[in-house]
Amino acid sequence: MTFVPEAGGDGLAWRPVATREILAGRARILAEVRRFFAKRGVLEVETPLLSPEVVPEAHLEPLPCAGGFLHTSPEATMKRLVAAGYGAIFQICRVFRADEAGRWHNPEFTMLEWYRPGWRLEQLMGEVTELVGHFVARSAPRTLTWRELYRRHALVDPDAATWEELAARTTSPTEGLDRDGVLDLLFVEWIEPALALEKGMVLVTGFPASRAAMAQVDPGPPPVARRCELYVDGVELANGYQELTDPAEQRQRLARVNMRRQAQGLSPLPVDAKFLAALGHGLPECAGVALGVDRLVMLALGCARIQDVLAFPADAQGS
């Protein structure tokens, strides 16, 4: 049978975007990741992509579908495994986030997530930099604090400044934004460009308590989230927590996220009751981290866009 292109098309829209060489390099990286964890006795697991309930987060929008939502992260189900006594686990899976597209974003992407019961966050981030070092040769990481970054680059103290002082440092509209919203603008305008100039690995620590999500909080003063992010050559690559184990506190945080959604005119999201039940049963002290696999592949293979390392990125699906 002879293929006849649709009217107005060039007949080539079906072709994959990533080259075979890039996909072969991606496969080698994934195989090495699995070897890395196998040597350390970390169990590979699989959990559902689809769930009738979610763990709401302030800056992540899940994709709804028939039967519930496609997950933005396997965190809730993986923590259920940890609470059930499965020990150290990792997963490589697809995750989905609405309205995320661009050079570094695709609505569907691959995440590596793992949990280490009995570990502190500092131990886990050491393991993260060791893993990344297998693919992107770098010197020892530098550590910078959230407050240090704002004071150095935005010329404002994020802990002590008033809302008005923060707003004066941004050129973007701030009407209707709370303090965290203005800090987000400053991060985009001042901090991200500064981090883009930082070569090698940079660990960002000392996030404010409002950025804890599902992390523990050191009481301070000021209160600080037990959270750490890894940047490589200015690219945000991994986000790690000393995991919150208190079910009552977690329930309150998720309720606050839904209240914030409603204040923004969004519908509240159904909260994952089984996840909260697992915390109630008892989540052991542990540290967990999520790492963007596609970005790691980009850095390792010298690609400029996330689309270059995906066979069929979202912006090619409608071509």
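Just so it is clear, the model here is predicted, and its values are computed rather than measured. Residue numbers count from 1 along this sequence.
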Check whether the side chains of [X] and [Y] place a donor and an acceptor atom closer than 3.5 Å, and report yes or no.
X: Thr110; Y: Arg295; answer: no
X: Gln91; Y: Glu75; answer: no
X: Trp119; Y: Glu285; answer: no

So which atom in Pro48 and which in His71 form the shortest heavy-atom distance, rounded to 0.1 Å?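 That closest heavy-atom pairing would be O-ND1, 3.5 Å.
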
Could you please spell out the steps behind the salt bridge (Lys or Arg N to Asp or Glu O under 4.0 Å) verdict for Glu122 and Arg226? CA-CA 10 Å; Glu122 293 77 10; Arg226 294 280 292 141; 2.9 Å; yes

[X] with [Y]: basic N within carboxylate O range, under 4.0 Å:
X: Arg35; Y: Glu32; answer: yes
X: Asp233; Y: Lys199; answer: no
X: Asp184; Y: Arg211; answer: yes

Stepwise salt bridge (Lys or Arg N to Asp or Glu O under 4.0 Å) check, Arg256 with Glu249: CA-CA 11 Å; Arg256 287 197 293 268; Glu249 172 63 21; 3.7 Å; yes

From CG (Asp272) to CG (Leu254), nearest 0.5 Å: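 Those atoms lie 9.0 Å apart.
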
Just how far is it from atom CG of Leu81 to atom CD1 of Ile89, taken to the nearest 0.5 Å? 4.5 Å

Taking the six-membered ring of Phe36 as reference, does the cationic atom of Arg40 (NZ for Lys, CZ for Arg) lie under 6.0 Å from its centre and within 45° of its axis? yes

Indicate yes or no for a side-chain donor-acceptor contact from Arg97 to the backbone of Asn106 under 3.5 Å, with no hydrogens or angles considered. no

Between Trp163 (side chain) and Leu177 (backbone), is there a donor-acceptor pair under 3.5 Å? yes

Using the rule given for salt bridge (Lys or Arg N to Asp or Glu O under 4.0 Å), can you reason through Arg103 versus Asp308, listing the C-alpha separation, both sets of side-chain angles and the distance that settles it, and then say yes or no? CA-CA 10 Å; Arg103 179 185 176 191; Asp308 297 332; over 6 Å; no

What about Val45 and Leu49, same hydrophobic cluster or not, with Ile/Leu/Val/Met/Phe/Trp/Tyr joined at side-chain heavy-atom distances under 4.5 Å?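 Unlinked, Val45 and Leu49 end up in two clusters.
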
Parallel, tilted or perpendicular: rings of Trp146 and Phe207 (30°, 60°):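 Plane angle between 30° and 60°, so tilted.
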
Phe90 vs Phe37 aromatic rings, parallel, tilted or perpendicular, using cut-offs 30° and 60°? parallel

Criterion salt bridge (charged side-chain N to carboxylate O under 4.0 Å, His left out) against Glu243, the qualifying member of Arg227, Lys79, Arg116: Lys79

Does any non-hydrogen side-chain atom of Gln250 lie less than 4.5 Å from one of Phe275?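 A side-chain contact under 4.5 Å exists here.
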
Run the side chain to side chain donor-acceptor pair (under 3.5 Å) test against Glu198 and tell me which residues pass, sequence neighbours left out.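 Expected list: Arg142.
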
